[in-house]
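Bear in mind the structure is a predicted one, so any value in this text is a computation, not a measurement.
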Amino acid sequence: MAWLVLVVAGLVEVAWAVGLKYTAGFTRPLPSALTVGGGLLSFFLLAQAARTLPIGTAYAVWTGIGAVGTAILGMVLFGEPRDWARLACIGLVVAGIVGLKLVSAR
């Protein structure tokens with residue numbers, strides 16, 4: 001169950017990180033409130049998962065999901081570069097996330 005909570009925390013991390021783009025520097029109230037709320041929810045879910053999982057693993061997976069998801073959505077939503085080197089680096093982060101899951105005892 002902790003792994004499921006951690007994955008959800010990572011996906012919420014992606015949502016609030018992408019939401020930052022829509023806040024216009026926190027000058028737009030609704031996107032700003034949703035972004036802050038998403039950040040708090042993501043952090044809370046991370047804390048719940050870390051009750052069972054090792055903190056190093058939980059934090060690395062959480063940030064990895066956030067980084068990969070945000071980078072991919074940046075390419076899809078905002079036209080950010082899609083060159084092979086960027087995609088290869090994203091692949092390395094994914095490999096790290098999978099590796100941490102495979103070597104984790106829980």
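Sorted by first and then second residue, the side chain to side chain donor-acceptor pair (under 3.5 Å) pairs involving residues 89-100 (not counting sequence neighbours) form an empty list. Screening residues 49-79 for ring-ring contact (aromatic ring centres under 6.0 Å, His included) gives Y22-F78, Y59-W62 as the qualifying pairs, with residues at least two apart or on separate chains.
Between the side chain of S42 and the backbone N or O of G39, no donor-acceptor pair lies under 3.5 Å. In this structure, the side chain of S104 does not engage the main chain of L100 through any donor-acceptor pair within 3.5 Å.
Scanning for salt bridge (Lys or Arg N to Asp or Glu O under 4.0 Å) contacts around R28 gives an empty result, with sequence neighbours left out. Partners of R86 under the side chain to side chain donor-acceptor pair (under 3.5 Å) rule, at least two apart in sequence or in another chain, are E80. Residues forming a side chain to side chain contact (heavy atoms under 4.5 Å, CB included) with L73 (at least two apart in sequence, or on another chain): V14, V18, L77. Residues satisfying the ring-ring contact (aromatic ring centres under 6.0 Å, His included) test with F44, not counting sequence neighbours, are none. Taking the side chain to side chain contact (heavy atoms under 4.5 Å, CB included) definition, one finds that L11 meets it with V7, I65, sequence neighbours left out. The ring-ring contact (aromatic ring centres under 6.0 Å, His included) check on F43 picks up nothing, with sequence neighbours excluded. Residues passing the side chain to side chain contact (heavy atoms under 4.5 Å, CB included) test with L92: none are found, sequence neighbours excluded. Qualifying side chain to side chain contact (heavy atoms under 4.5 Å, CB included) partners for A2, counting only residues two or more places apart in sequence or in other chains: T52, L53.
Under the 4.5 Å side-chain contact rule for hydrophobic residues, W3 and L41 do not share a cluster. If you chain together hydrophobic residues whose side chains sit under 4.5 Å apart, V61 and I90 fall into the same group. Residues V94 and L102 share a single hydrophobic cluster, defined by chaining ILVMFWY side chains whose heavy atoms lie under 4.5 Å apart. Under the 4.5 Å side-chain heavy-atom criterion for ILVMFWY residues, no single connected hydrophobic cluster contains both I97 and I55.
With rounding to the nearest 0.5 angstrom, the OG1 atom of T57 is 10.5 Å from the NZ atom of K101.
Alongside F26, the hydrophobic cluster contains W16, L20, V36, L40 (criterion: ILVMFWY side chains under 4.5 Å).
Closest non-hydrogen pair, L45 versus A9, comes out as CB-CB, 3.5 Å. Smallest separation of non-hydrogen atoms from P29 and T27: CD-O, 3.6 Å. Taking each heavy atom of A17 and T70 in turn, the nearest pair found is CB-OG1, 3.5 Å.
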What do the steps show when you test E13 against L46 for side chain to side chain contact (heavy atoms under 4.5 Å, CB included), and what is the final call? CA-CA 10 Å; E13 174 89 352; L46 169 63; over 6 Å; no
